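Below: the structure, in structure tokens.
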Amino acid sequence: MKSQAQLRDIVNLPPLVDKQTFRNAMSTLAAAVNVVTTDGPGGRAGFTATAVCSVCDEPPTLLVCLNRGSSVYNVFSRNDVLCVNTLADHQSELSNRFGGKSPMAERFAAAEWGQSVTGAPVLEDALINFDCYIRKRVNVGTHEILFCEIASVRQRDEAGSLVYFGRGYHQLKLPA
Ligand SMILES: NC(=O)c1ccc[n+]([C@@H]2O[C@H](COP(=O)([O-])OP(=O)(O)OC[C@H]3O[C@@H](n4cnc5c(N)ncnc54)[C@H](O)[C@@H]3O)[C@@H](O)[C@H]2O)c1
Ligand SMILES: Cc1cc2c(cc1C)N(C[C@H](O)[C@H](O)[C@H](O)COP(=O)(O)O)c1[nH]c(=O)[nH]c(=O)c1N2
């Protein structure tokens, strides 16, 4: 007898929770704000992402959830590297630039970018840069989950963090 979870993979059952309930709840799951960038055979692209988290430290691995309907999906699907640039507390404008309908050139023109081990664009004044190789891709619903092995890390200790909570940006400072 297949479990309810297994059954859901086979038939297109109605969702157990409606989308708005889900979004309202998720809007209060505070998260760091990241600009995720890539470059390679598919070209250069970047998007704002809060659905980013640590997976494990053996080997150091993180995941990024990417909506397959977004304009950047095709580029990310053809490259095998990305950089998670975790934004510092003063970079909410850059988050909006990468998080909406701006043309890609305008997104990258708004900041300074350096070179990385993998070739993915590294945001010079980000709080953290996680330069990664994409190792595994899993489709779940409308999104693709990218499991990424971290090739190099650059961390700035003096900046605060940009946090997204309640559909707005907030600044977190390290204790003095
Ligand atoms: N994981 C994602 O794809 C994701 C996460 C955050 C924001 N967004 C995008 O930013 C827009 C603005 O978000 P907002 O927080 O200001 O208000 P909102 O009410 O649209 O979304 C509230 C929260 O629901 C979640 N969410 C929204 N759309 C989602 C999606 N398609 N897939 C997975 N989770 C989703 C996110 O955690 C988001 O912060 C959203 O409509 C969405 O397009 C997408
Ligand atoms: C604060 C915030 C947080 C997120 C987003 C937006 C914003 C404003 N977006 C949406 C994503 O950035 C946007 O759709 C891309 O820029 C793709 O551009 P188009 O919308 O296709 O032009 C987003 N998209 C996604 O696939 N995964 C994510 O985790 C997030 N998180």
Side-chain angles (χ1 to χ4, degrees), residues 5 8-9 12-40 42-55 61-111 113 120-123 125-132 134-148 150 159-172:
R8 290 191 67 74
D9 287 345
N12 199 5
L13 291 172
L16 302 176
V17 168
D18 72 273
K19 194 184 288 191
Q20 200 52 52
T21 300
F22 167 76
R23 288 189 173 197
N24 289 342
M26 278 293 174
S27 72
T28 56
L29 181 69
V33 185
N34 310 274
V35 167
V36 181
T37 58
T38 186
D39 202 346
R44 184 179 73 159
F47 72 104
T48 295
T50 45
V52 173
C53 71
S54 169
V55 174
T61 304
L62 59 77
L63 68 80
V64 176
C65 302
L66 171 57
N67 192 326
R68 293 196 307 275
S70 84
S71 63
V72 301
Y73 175 69
N74 284 334
V75 176
F76 277 84
S77 66
R78 290 162 55 201
N79 292 342
D80 57 8
V81 300
L82 63 78
C83 187
V84 172
N85 301 282
T86 303
L87 298 187
D89 51 0
H90 65 283
Q91 295 180 307
S92 57
E93 174 47 41
L94 194 65
S95 171
N96 289 332
R97 185 76 70 105
F98 276 85
K101 305 295 175 195
S102 311
M104 206 48 69
E106 281 182 27
R107 298 187 191 190
F108 282 94
W113 305 88
V122 173
L123 178 63
D125 59 349
L127 181 63
I128 319 166
N129 307 105
F130 295 101
D131 187 20
C132 301
I134 301 169
R135 294 297 190 208
K136 187 180 178 78
R137 301 168 189 260
V138 177
N139 279 328
V140 177
T142 55
H143 280 52
E144 183 170 274
I145 304 170
L146 307 175
F147 291 87
C148 307
I150 298 164
S161 170
L162 186 68
V163 171
Y164 199 62
F165 173 71
R167 297 184 173 93
Y169 297 107
H170 306 269
Q171 299 178 332
L172 269 187

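Ligands are counted one by one from 1 in listed order, and the atoms in each one are counted from 1 as well. On a predicted model such as this, the values are computed, not experimentally measured, just so you know.
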For this session: Using a 4.5 Å cut-off on heavy atoms from C-beta on, say whether the side chain of V52 contacts that of T50.
Result: no
Exercise. Does A110 offer a backbone N or O that forms a donor-acceptor pair with the side chain of R97 under 3.5 Å?
Worked result: no
Problem set entry | Pairwise side-chain contact, F76 with V36, heavy-atom cut-off 4.5 Å (strictly under) | yes
Problem set entry | Stepwise side chain to side chain contact (heavy atoms under 4.5 Å, CB included) check, I134 with F147 | CA-CA 6 Å; I134 301 169; F147 291 87; over 6 Å; no
Problem set entry | Heavy-atom side-chain contact between L172 and D89 under 4.5 Å | no
For this session: Give a yes or no on whether atom 10 (O) of ligand 1 lies under 4.0 Å from any heavy atom of the protein.
Result: no
Exercise. Does the protein put a heavy atom under 4.0 Å from atom 25 (C) of ligand 1?
Worked result: yes
Exercise. Would you say the side chain of V72 lies within less than 4.5 Å of the side chain of F98, judging by non-hydrogen atoms?
Worked result: no
For this session: Measure the distance from atom 38 (C) of ligand 1 to every protein heavy atom, then report the residue, atom name and distance (to 0.1 Å) of the closest one.
Result: M26 CB, 4.7 Å
Exercise. Which value, rounded to the nearest 0.5 Å, describes the distance between H90 atom NE2 and L127 atom CG?
Worked result: 10.0 Å
Problem set entry | Nearest protein heavy atom with distance in Å, relative to atom 18 (P) of ligand 1 | R167 NE, 3.7 Å
For this session: Mark up the atoms of ligand 1 that fall under 4.0 Å of a heavy atom belonging to T50, in ascending order.
Result: 5 (C), 6 (C)
Problem set entry | Pair N34-T86, side-chain hydrogen bond (donor to acceptor under 3.5 Å, both in side chains): steps then yes or no | CA-CA 4 Å; N34 310 274; T86 303; 2.8 Å; yes
For this session: Just go through H143, K19, Q20, R23 and tell me whose heavy atom is the nearest to atom 32 (N) of ligand 1.
Result: H143
Exercise. Out of F22, F165, Y164, whose heavy atom sits nearest atom 14 (P) of ligand 1?
Worked result: Y164
Problem set entry | Protein non-hydrogen atom found under 4.0 Å from atom 44 (C) of ligand 1 | no
Problem set entry | Nearest-0.5 Å distance, CZ of residue R107 to CZ of residue R44 | 11.5 Å
For this session: Would you mind listing which atoms of ligand 1 come within a distance below 4.0 Å of any non-hydrogen atom of A51?
Result: 1 (N)
Problem set entry | Set of residues that line ligand 2, where lining means a heavy atom lies under 4.0 Å from it | F47, T48, A49, T50, A51, C65, L66, N67, S70, S71, F98, G99, G100, K101, R107, Y164
Problem set entry | Residue pairs, two or more places apart or on separate chains, that pass side chain to side chain donor-acceptor pair (under 3.5 Å) and touch residues 138-147 | R68-N139, Y73-E144, R137-E144
Problem set entry | T38 side chain to V81 backbone, donor-acceptor under 3.5 Å | yes
Exercise. Protein heavy-atom contact under 4.0 Å for atom 22 (C) of ligand 1?
Worked result: yes
Problem set entry | Heavy atom of protein closer than 4.0 angstrom to atom 40 (C) of ligand 1 | no
Exercise. Under 4.0 angstrom from atom 6 (C) of ligand 1, is there any protein heavy atom?
Worked result: yes
Exercise. Which heavy atom of P121 sits nearest a heavy atom of N85, and at what distance?
Worked result: O-ND2, 3.5 Å
